[in-house]
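Notes follow the structure.
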Amino acid sequence: MLRFHDGPEGTVAVVDRRSFLALAGLGAAGAGAVGGGVVSRSVGGEARPPGATADVNLEQPLEPRTGVHRVIWSVETGVSQAALTFDDGPDAAFTPRVLEILADHGLHATFMMMGFNVAQEADLARDVVAAGHEVGNHTWTHLNLLRETPQRQYEQIVRAHETISEVTGQECAYFRPPRGQLTGASLRHAAILGCDTLLWSVDRGAPGVSTPDAVADYAEVHLGPGDIIDLHDGIGRGAFDPDAEYAATARDRREVEIEALPRILQDAADRGLALGTVSELLATEIAPDRAGVDEGADEG
């Protein structure tokens, strides 16, 4: 796990030795990761998209807060527990079906929501929370943050954060960048809002549209204690271009995931693997053993 500490000299990233090699894969996406100072709410370029419900003050500077914020893709746990997450909703075509399946199995999950979708489907977003699920921030309109300026990234994150919190009544504790593509600016903005950045350790696996059995087979083999699985209840940027070929493909992939979901949940139950929200998984986290680290520091 990677931890960021915000202090008067800027932001310091701390990673334990066991996670170092895993972090190497983040490479260029995390380069330049986070500087100190004041982040301004001034955002330029794009006019505010329609449908927003939160009144975002774009002029008032937001002071950095101190504390520790993390990048989480799995959790060191002493119990047989994993986390279910769903990206890109709420979407009237998919989210109610996911909610019904989860209710049938008596499970809760973390829904990483697009702020624009929450503004358009406010009642559905509230239904997610009323059913006992957790919500998080998956940006405003699912832009590729690698292609956006730091200010535009901030706009994507803060608009989603404030709209999701206002509509659902639940404060976002987690931020997930679209496609899992990290930038230094987005890490910084999420931390200032008090959010950990949430990635995943298991996805649907099967490329292309695939089949429900292939997706469920992959999850059965790869999903284990401490994992966070990333599934979907929306189509991301396809929501803004629904007639495009990539949007049609995304819909087909979501259909397959939803058809696979009951088997994924049953397979986990049969193996004694409990599934729940990210917060439930984090509650089982084992504190890292720092004895070796402390001894190494003394030797220096």
Side-chain angles (χ1 to χ4, degrees), residues 41-58 62 85-99 109-130 133-183 185-186 189-190 192-193 195 197-198 230-244 246-251 253-254 257:
R41 286 179 181 255
S42 297
V43 290
E46 181 182 52
R48 186 176 183 183
T53 60
D55 182 15
V56 181
N57 183 345
L58 302 181
L62 183 64
T85 67
F86 295 88
D87 288 358
D88 296 351
D91 186 308
F94 303 111
T95 306
R97 296 159 61 192
V98 172
L99 291 177
T110 301
F111 287 77
M112 304 304 296
M113 295 182 170
M114 290 167 53
F116 184 88
N117 285 357
V118 170
Q120 302 302 307
E121 298 281 357
D123 288 342
L124 184 51
R126 285 188 281 265
D127 287 345
V128 171
V129 172
H133 302 289
E134 185 171 60
V135 298
N137 180 348
H138 197 42
T139 72
W140 179 251
T141 56
H142 207 275
L143 293 179
N144 183 345
L145 298 183
L146 297 179
R147 299 176 180 174
E148 303 299 324
T149 66
Q151 289 135 330
R152 289 286 296 279
Q153 292 177 52
Y154 182 71
E155 182 179 350
Q156 283 282 309
I157 294 167
V158 74
R159 285 181 176 171
H161 183 91
E162 296 190 5
T163 298
I164 294 166
S165 299
E166 179 182 292
V167 169
T168 67
Q170 186 182 117
E171 191 76 12
C172 294
Y174 309 107
F175 161 71
R176 174 174 281 167
R179 306 173 187 87
Q181 294 172 328
L182 294 173
T183 69
S186 64
H189 299 329
I192 288 174
L193 290 170
C195 297
T197 295
L198 181 67
D230 180 33
L231 300 171
H232 299 81
D233 65 324
I235 59 173
R237 288 296 296 174
F240 305 100
D241 193 8
D243 296 328
Y246 77 89
T249 299
R251 283 191 291 271
R253 285 170 59 88
R254 302 320 181 238
E257 287 184 26

Q) Between the main-chain N or O of R159 and the side-chain N or O of T163, is there a donor-acceptor pair closer than 3.5 Å? A) yes

Q) Should V98 and F111 count as side-chain neighbours, where that means a heavy-atom distance under 4.5 Å? A) yes

Q | Backbone of A160 reached by a side-chain donor or acceptor of N137 within 3.5 Å | A | no

Q: Would you check if the side chain of Q181 reaches a backbone N or O of N144 as a donor-acceptor pair within less than 3.5 Å?
A: no

All N/O donor-acceptor pairs, side-chain side in residues 170-177, below 3.5 Å, sequence neighbours left out:
residue : atom : partner : partner atom : Å
Q170    : OE1  : V135    : N            : 2.7
Q170    : NE2  : H133    : O            : 3.3
E171    : OE2  : H161    : NE2          : 3.0
Y174    : OH   : S279    : OG           : 2.7
R176    : NE   : L198    : O            : 3.2
R176    : NH1  : T85     : OG1          : 2.9
R176    : NH1  : D87     : OD1          : 2.7
R176    : NH1  : D230    : OD1          : 3.0
R176    : NH2  : T85     : OG1          : 3.3
R176    : NH2  : L199    : O            : 2.7

Q. Should D88 and N117 be marked as a side chain to side chain contact (heavy atoms under 4.5 Å, CB included) after you check the CA-CA gap, both sets of side-chain angles, and the distance that decides it?
A. CA-CA 8 Å; D88 296 351; N117 285 357; 5.5 Å; no

Q: Only counting residues at least two apart or in another chain, list the ones meeting side chain to side chain donor-acceptor pair (under 3.5 Å) with Q153.
A: T183

Q.
Is it the case that the side chain of R254 and the backbone of G234 share a donor-acceptor pair, with hydrogens and angles ignored and the cut-off at 3.5 Å?
A. yes

Q. Side chain of R237, backbone of L143: donor and acceptor closer than 3.5 Å?
A. no

Q) Could you walk me through whether D241 and Y246 pass the side chain to side chain contact (heavy atoms under 4.5 Å, CB included) check? A) CA-CA 9 Å; D241 193 8; Y246 77 89; 3.6 Å; yes

Q.
For a side chain to side chain contact (heavy atoms under 4.5 Å, CB included) check, start with the C-alpha distance between D91 and E121, then their side-chain angles and the critical distance, and finish with the verdict.
A. CA-CA 7 Å; D91 186 308; E121 298 281 357; over 6 Å; no

Q: Measure the shortest side-chain to side-chain distance between E155 and R152 over non-hydrogen atoms and say whether it is less than 4.5 angstrom.
A: yes

**Q.** For the student: nearest non-hydrogen atoms of R251 and P242, plus distance
**A.** NH2-O, 3.0 Å

Q: Classify the ring geometry between F116 and W140 as parallel (under 30°), tilted (30 to 60°) or perpendicular (over 60°).
A: perpendicular

